[in-house]
Amino acid sequence: MTVITNPGEAALPPTAAGTTRATLRRNFWRGVWRVMRRKPSRMAGVVIIAVFALMGAVGPLLYPEHLPRDSNLLYAPPSWAHPFGTDFEGTDVLALVITGARYVLLTGLATAVITVALGTAIGLFAGFRRGRWDTLLMRITDMNLAIPGLPLLLVLSTVWKFTSPLEMGLVLGLLGWGGVARAVRSQTLSLRERGFIEAAKGLGLPTTHIIGRELLPGMAPYIAMNMLIAVTGAVYAQVGLFFLGVLPFEANNWGVMLNFAVFNGGALTTPAALPYLLAPLLAILLLTLGIVLLIDAMDEIFNPRLREE
């Protein structure tokens, strides 16, 4: 049976089609490497994201479950032993940032996956099928966009402690996919009238093949950018909710640190508590910077013309 990855490969035997795909993959990754090397800032973004990923995966394993406290070092200034000083309990602030990264990053990743997966699937299906399905799915999308997120989280926090980052990511993802669905539908409506889609329909290819092999790759850069943007939005959302005290402090994360620094330590008026406030802010800033630098490379990575310039 002939392996068909696009209408242009319909006449190729299986071996030739497989070789063609392997060559395209190699050329793609070579192009990615050239794009990343073209601007040092992009490599810096990769390094920053890699450091945070390593921090979230390995960081908590470097410290005991309950971080040590020292009543003689309350709000100690930065030093070699404590690069960001200590908090109101004498706990090392750097250790708090590292151990709190896992909750923040896992929540951001879970939110991004759910947001992009739901939004892309619904937007693609609605835009391609049109008709009643389009109307129904867009009405559901409008309802999702109309849901007030903060009041809903206030209600949920009374019965749900959000101790797991996956729980937080699930809620934020289910609340945030509407915008992606609307945007993907618009892109699909534009692409479905192109010649290669008409050719695929003329060959009698199934709908799943057309959507998965023809439409989806064309929107890969847009989807990838939304994935990274969703991570950033989820980080801001959860940190902001914990900072405001909307959610119970059942897990260590950067939002809890900001809340304690401002409302318990008086970091805005007391210089001694300022490092405790600045450490999580710096972590959020660096994570956002790394994501922005990666987004800068996305368009060039997925656009062959830009890669060749």
Side-chain angles (χ1 to χ4, degrees), residues 41 44-109 111 162-165 168-169 172 228 231-294:
S41 60
V46 173
V47 172
I48 292 172
I49 297 300
V51 169
F52 275 101
L54 186 65
M55 184 189 301
V58 181
L61 302 178
L62 304 177
Y63 297 94
E65 182 178 358
H66 300 287
L67 295 176
R69 304 172 182 177
D70 190 344
S71 58
N72 296 320
L73 291 175
L74 303 184
Y75 289 122
S79 62
W80 285 110
H82 306 288
F84 289 97
T86 61
D87 68 353
F88 61 96
E89 294 179 320
T91 302
D92 182 49
V93 172
L94 179 61
L96 288 170
V97 171
I98 293 175
T99 55
R102 175 176 290 182
Y103 187 101
V104 174
L105 296 177
L106 283 179
T107 299
L109 182 61
T111 301
F162 293 101
T163 56
S164 168
M168 174 66 77
L172 293 177
L228 294 174
V231 172
T232 306
V235 170
Y236 291 157
Q238 62 174 307
V239 168
L241 290 170
F242 279 107
F243 170 71
L244 295 174
V246 172
L247 302 177
F249 299 157
E250 297 289 341
N252 174 39
N253 64 70
W254 301 339
V256 174
M257 293 179 64
L258 292 173
N259 181 282
F260 285 154
V262 173
F263 299 110
N264 285 12
L268 298 180
T269 57
T270 306
L274 192 58
Y276 185 34
L277 173 68
L278 294 179
L281 288 177
L282 179 62
I284 296 171
L285 175 63
L286 286 176
L287 178 60
T288 304
L289 176 63
I291 292 174
V292 169
L293 293 176
L294 284 184

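Along the sequence shown, the residues carry numbers beginning at 1.
Nearest heavy-atom pair across Asn259 and Gly245 is ND2-N, 3.8 Å. Gly108 and Ala234 make their closest contact through CA-CB, 3.7 Å (heavy atoms, listed as atom of the first residue, atom of the second, distance). What you find for Phe243 and Val262 is that their closest heavy atoms are CE1-CG2, 3.8 Å. Taking every heavy atom of both residues into account, Pro64 and Pro68 meet most closely at CG-CD, 4.1 Å.
In this structure, CG on Leu228 lies 11.5 Å from OG1 on Thr288, to the nearest 0.5 angstrom. With values rounded to the nearest 0.5 angstrom, Arg69 atom CZ is found 12.5 Å from Thr86 atom OG1. Distance check: Tyr276 OH to Asn264 CG gives 8.0 Å after rounding to the nearest 0.5 Å. Annotation: the span from Leu54 atom CG to Leu105 atom CG amounts to 11.0 Å, rounded to 0.5 Å. The distance from the CG atom of Leu106 to the OG1 atom of Thr111 is 10.5 Å, given to the nearest 0.5 Å. The distance from the CG atom of Leu244 to the CZ atom of Phe263 is 7.0 Å, given to the nearest 0.5 Å.
Between Trp254 and Tyr103 the shortest side-chain heavy-atom distance does not fall below 4.5 Å. Within the 4.5 Å cutoff, side-chain heavy atoms of Val93 are placed close to those of Met257. The closest side-chain heavy-atom distance from Ile98 to Leu62 is not below 4.5 Å. Using a 4.5 Å heavy-atom cutoff, the side chains of Ile49 and Leu287 are in contact. In this structure, Phe242 and Met168 have side chains that are in contact, with non-hydrogen atoms separated by less than 4.5 Å. Using a 4.5 Å cut-off on side-chain heavy atoms (C-beta onward), Leu73 and His82 make contact. Using a 4.5 Å heavy-atom cutoff, the side chains of Leu294 and Ile291 are not in contact. Residues Val97 and Phe84 form no side-chain contact, since every pair of their non-hydrogen atoms from C-beta on lies 4.5 Å or further apart.
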Q. Checking side chain to side chain contact (heavy atoms under 4.5 Å, CB included) for the pair Leu274/Leu277: CA distance, chi angles, key distance, verdict?
A. CA-CA 5 Å; Leu274 192 58; Leu277 173 68; 4.2 Å; yes

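Panel note: side chain Thr91, backbone Asp87; no donor-acceptor pair is recorded below 3.5 Å. Looking only at distances, no side-chain donor or acceptor of Thr107 sits under 3.5 Å from a matching main-chain atom of Gly169.
Aromatic ring orientation, Tyr75 versus Phe88: tilted (interplanar angle from 30° to 60°).
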